[in-house]
Amino acid sequence: MLIRRRTAFLGLTASWMLGRSSLALGTRGSGPDDPRFVAVILRGALDGMAAVVPYGDPALAGWRQGLLSPEPGREGGLLDLGGFYGLHPALPGLHRLYAAGEMLPIHAVAGHYRSRSHFEAQDYLESGADERLTSGWLNRAVQAMPSAGRDAGRPDGVGLAMGLTVPLLLRGPTRVGSYAPAGGRHPDEALYARIAALNAADPLTGPAIRNGLKARGFSDATLAGVPPLPGMEGDQKNRKPGSFEILAHAAGGLLADPKGPRVAALEIGGWDTHAGQKGRLNGPLSQLDSGITALRDALGPVWKRSVVLVMTEFGRTVRMNGTGGTDHGTATIAFLLGGSVAGGRVGGTWPGLRQGQLFENRDLAPTTDLRAIACGVLRDHLGLGRTALAQVFPGFRSSPEAGLMRG
Amino acid sequence: MLGAPFVAGFGWGRRGGERLPDDPRQWLADQLAAPDGARFPGLGDSADGLIALRTQRMEKMQGDPLVKPVFQAEVASQLGHVLTTDQPFRDRLCWFWMNHFTVSIRQGGTRAVIGAYMREAIRPHVTGRFADMLRAVMRHPAMLMYLDNTGSIGPDSRAGLRRRKGLNENLARECLELHTVSPAAGYSQADVTRFAAILTGWGVDMKAARPGFVFRANAHEPGEKMLMGRSFPEGEEGGLMALEFLGTHPATYRHIALKLVTHFIADEPAPSDVARITAVLHETGGDLKAASLALGDLPAARRPGRKFRSPMEYGAATLRALDLGFGPIAPENGHAPPKLFANVLSSLGQPLWAAPLPNGWSDKAADWTAPADMIARVDWAYRLAAIAPEVDPPELARDVLGPALRRPTLEAIRHAGSRREALTLLFTSPEFQRR
């Protein structure tokens, strides 16, 4: 069944607490050694060539001199990724992961669609299909996970979502709850119970209130045991963690718990840099960087069993536009991060930047299908078989990308 | 009894004790026939906002000292109007079109002009021709700033050749995709680029005595341009003609009919209802008054509780039910109703004029009914109930819900231990969360 233009994520991003970020969690696992998987959606289309800069390509400066940082080794310069690529200077945490062999950027990645509409492209990215579906690929993956059958009777059923809404990526037949940090005074147990009873028979509000109450109880108890983020309790006057960082930290704490979820989805906006890109990208990149660091810290020893996939709906034009920005394009960067990732290198096939090598004379040409990366992770990390993968990504006929995980 | 679903579905929710209309059709028609009764005393126009922004920038002032009061006054005044208006249908239409033509304070320095944008470009046109609203929107500084058209320069224009600058496609793309014909019309990337060229030179003159729209001929891409198979001449006139073409295009009528029916009638509208509104737009040359009234004539419009209330609709309904919103607004009063209203919008995930992306806020239940959403509503209702005036909760429940009030809800309210608990139960009941 098709759905119309999806504006779901708008609901997620808006609370005074959550800012532009949100988090959803799925599936309860069965043991401390279960693999963990986190998907991060960068909504608004990250310019992959700004995050992981191909400074070794001789054609680069001709297209976008005004967007470039100095080469590695110079003041304020890129962080080197092996001589051809450099990482944006606002991503030092990711660079440390790279040095530890736990980060794998893959370049010139695109989804299976060629839409330059944010809204269509995000729908397709999250549906994982050639059309907009009512369920997301991560929900279908959770359903197929080997541990999914053992989740009956858990307080949240199969899932728990954080943030004000569940993104399409994690919507579908496998139920997921949701979590948002509580603020202010709330009713006592007895009044909550009467409210839940009044709504019990309602198809929309009934399950939402029931699951919301359960999720809050579980999350409050679990997160009480996680050490706070630096700055969260006012111990560092000049540091105030961002909303994405707070949610990433909470996600890590919940995922690390033996009874916690095994899959989470987060999202962060601010990437649609049509103007003044060089200045505007620092903020969201820094938030992403500190969020990933907070996630890793909160996961603790479980980081070793974790994979984070960072993806965006499409890339941006190779040429800088008239306003110091870039317009909607095609191929971009994807990141795999985590202790289970075979990192410390840049993956993908570089298509080149000469005029004839661009896609439709304007965009970075795609050389890797994002679905192949996701399938590689789902197969080699979460243990999904061929039949399951065909349901997760209907219509995807190619092979999963091999060698993404440590052997 | 027929009146109650109309007051909930086409208005902002019934004010406690407000009389229900005997003839709902007439109730809707009267609101659109009478001139807009909204008065926003003391608010300046967009030029005043731009002067505040310009002064702040020139003097390098820290902390937004001139723009912030402009923005806060707009918030208080416009949210206050939602709570008190006796033309709630007209007002709902204003906010519907504001969302259709989303400008957000998250981008483009629009805080100085976003309130004026709604009063100048949206409000005057909600009973007029769609193409006229489109033109007003596309020439307004708020939209030109939000979608980056102010710096879009024709590569072969004088400024483009001299400064080696070029196009910014943002406004052109979203105008085609979101505001007018939608992707269903089948335009191409080349159409987007050429429409961007048509709109080059449309900018904001920040240096003028009264800053505002300007057409900069030296930044305008020379030559005729094709858009969706039509040719448009060089110059400002070409842009105006293109907007007239798009604003009266059959695909645009279909697109806005779908959005209207989705907003007012059903998350998954019946194709026949969409076809009906599309036909009205065709027959009337895009007359929004006729199209809006035709919504009230759809048989489905009589069904109560057909839509789930968005946070804005929910917040307005609770505050109107308590008849809050009248009386002087002291800025230091944290419980002033517009301030409460702004806070509920933020804590329920729909902060005022701050949509994350140009497609605005969702109109569908699935996007507002996650577990955390519901718990946030419960908690907010509980906090509001603490400061509610001395009302009789069962009576209020009958007043604001009419025939939609279910017996179990009324019983729960009657047996609540306190007024606060009773009101919390009313505001969190399934029927109150719908319209």
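The structure displayed is predicted, hence computed values, not measured ones.
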Asker: Counting only non-hydrogen atoms closer than 4.5 Å, does A/R362 touch chain B with its backbone (N, CA, C, O), its side chain (CB onward), both, or neither?
Answerer: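 Contact with chain B is through the side chain of A/R362 alone.
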
Asker: Side chains of B/W368 and A/L204, heavy atoms from C-beta outward: is any pair under 4.5 Å?
Answerer: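 Sidechains of A/L204 and B/W368: no contact.
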
Asker: With a 4.5 angstrom heavy-atom cut-off, which part of B/E174 approaches chain A: side chain, backbone, both or neither?
Answerer: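 Just the side chain, heavy atoms under 4.5 Å.
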
Asker: What I'd like to find out is whether the side chain of B/P183 reaches to under 4.5 Å of the side chain of A/E120, using heavy atoms alone.
Answerer: yes

Asker: Most heavy-atom pairs under 4.5 angstrom with chain A, which of B/G166, B/P155, B/A412, B/G160?
Answerer: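 The option with the most such pairs is B/G166.
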
Asker: Hey, could you give me the CG/CZ distance between B/L357 and A/F119, rounded to the nearest 0.5 Å?
Answerer: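 Between atom CG of B/L357 and atom CZ of A/F119 there are 5.0 Å.
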
Asker: List the steps and the verdict of side-chain contact (heavy atoms from CB on, under 4.5 Å) for B/R406 and A/L198.
Answerer: CA-CA 10 Å; B/R406 299 176 314 147; A/L198 257 190; 3.8 Å; yes

Asker: A side-chain contact here means heavy atoms from C-beta on lying under 4.5 Å apart; do B/R173 and A/H118 qualify?
Answerer: no

Asker: How many angstroms lie between OG in A/S117 and CG in B/N359, if you round to the nearest 0.5 Å?
Answerer: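 One gets 8.0 Å once the value is rounded to the nearest 0.5 Å.
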
Asker: State the OH-OG1 distance between A/Y192 and B/T424, to the nearest 0.5 angstrom.
Answerer: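 Answer rounded to 0.5 Å: 10.5 Å.
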
Asker: Where do A/R114 and B/Q189 land on the side-chain contact (heavy atoms from CB on, under 4.5 Å) test, with the steps shown first?
Answerer: CA-CA 11 Å; A/R114 292 291 168 265; B/Q189 171 62 43; over 6 Å; no

Asker: Going by an N to O cut-off under 4.0 Å, is there a salt bridge joining A/R116 and B/E177?
Answerer: no

Asker: Working to the nearest 0.5 Å, report the span between CD of B/E169 and OG1 of A/T317.
Answerer: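 Answer rounded to 0.5 Å: 7.0 Å.
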
Asker: Is chain B contacted by the side chain of A/R210, its backbone, both, or neither, given a heavy-atom distance below 4.5 Å?
Answerer: neither

Asker: Show every salt bridge (charged side-chain N to carboxylate O under 4.0 Å, His left out) that has at least one partner inside residues 192-203 of chain A, sequence neighbours left out.
Answerer: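 For residues 192-203 of chain A, and leaving out neighbouring residues, the salt bridge (charged side-chain N to carboxylate O under 4.0 Å, His left out) pairs sorted by first residue read A/R194-B/E421, A/D202-B/R434.
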
Asker: For B/L167, is it the side chain, the backbone, both or neither that has a heavy atom under 4.5 Å from a heavy atom of chain A?
Answerer: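 Only the backbone of B/L167 comes within 4.5 Å of chain A.
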
Asker: Below 4.0 angstrom, N of the basic side chain to O of the carboxylate: do B/D367 and A/R171 qualify?
Answerer: yes

Asker: Tell me, for B/A416 versus chain A, whether the close heavy atoms (under 4.5 Å) come from the side chain, the backbone, both or neither.
Answerer: both

Asker: Set out, in order, the CA-CA distance, both residues' side-chain angles and the distance that settles side-chain contact (heavy atoms from CB on, under 4.5 Å) for B/N170 and A/N321, then state yes or no.
Answerer: CA-CA 11 Å; B/N170 208 7; A/N321 70 11; over 6 Å; no

Asker: Only pairs at least two apart or in different chains count here, so list each side-chain hydrogen bond (donor to acceptor under 3.5 Å, both in side chains) that has a residue in residues 152-168 of chain B.
Answerer: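 Found A/T323-B/N168.
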
Asker: Before you tell me yes or no, could you show the steps for B/Y382 and A/I195 under side-chain contact (heavy atoms from CB on, under 4.5 Å), namely the whole-Å CA-CA distance, both residues' side-chain angles and the distance that decides it to 0.1 Å?
Answerer: CA-CA 11 Å; B/Y382 183 69; A/I195 290 165; over 6 Å; no

Asker: Do the side chain of A/N199 and the main chain of B/T428 share a donor and acceptor less than 3.5 angstrom apart?
Answerer: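 Yes; judged by distance alone, with no hydrogens or angles, the pair exists.
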
Asker: Can you say whether B/T193 sits under 4.5 Å from chain A via the side chain, the backbone, both, or neither, judging by heavy atoms?
Answerer: side chain

Asker: Tell me whether A/R319 at atom CZ has more than 12 heavy atoms from other residues, nucleotides or ligands lying less than 6.0 Å away.
Answerer: no

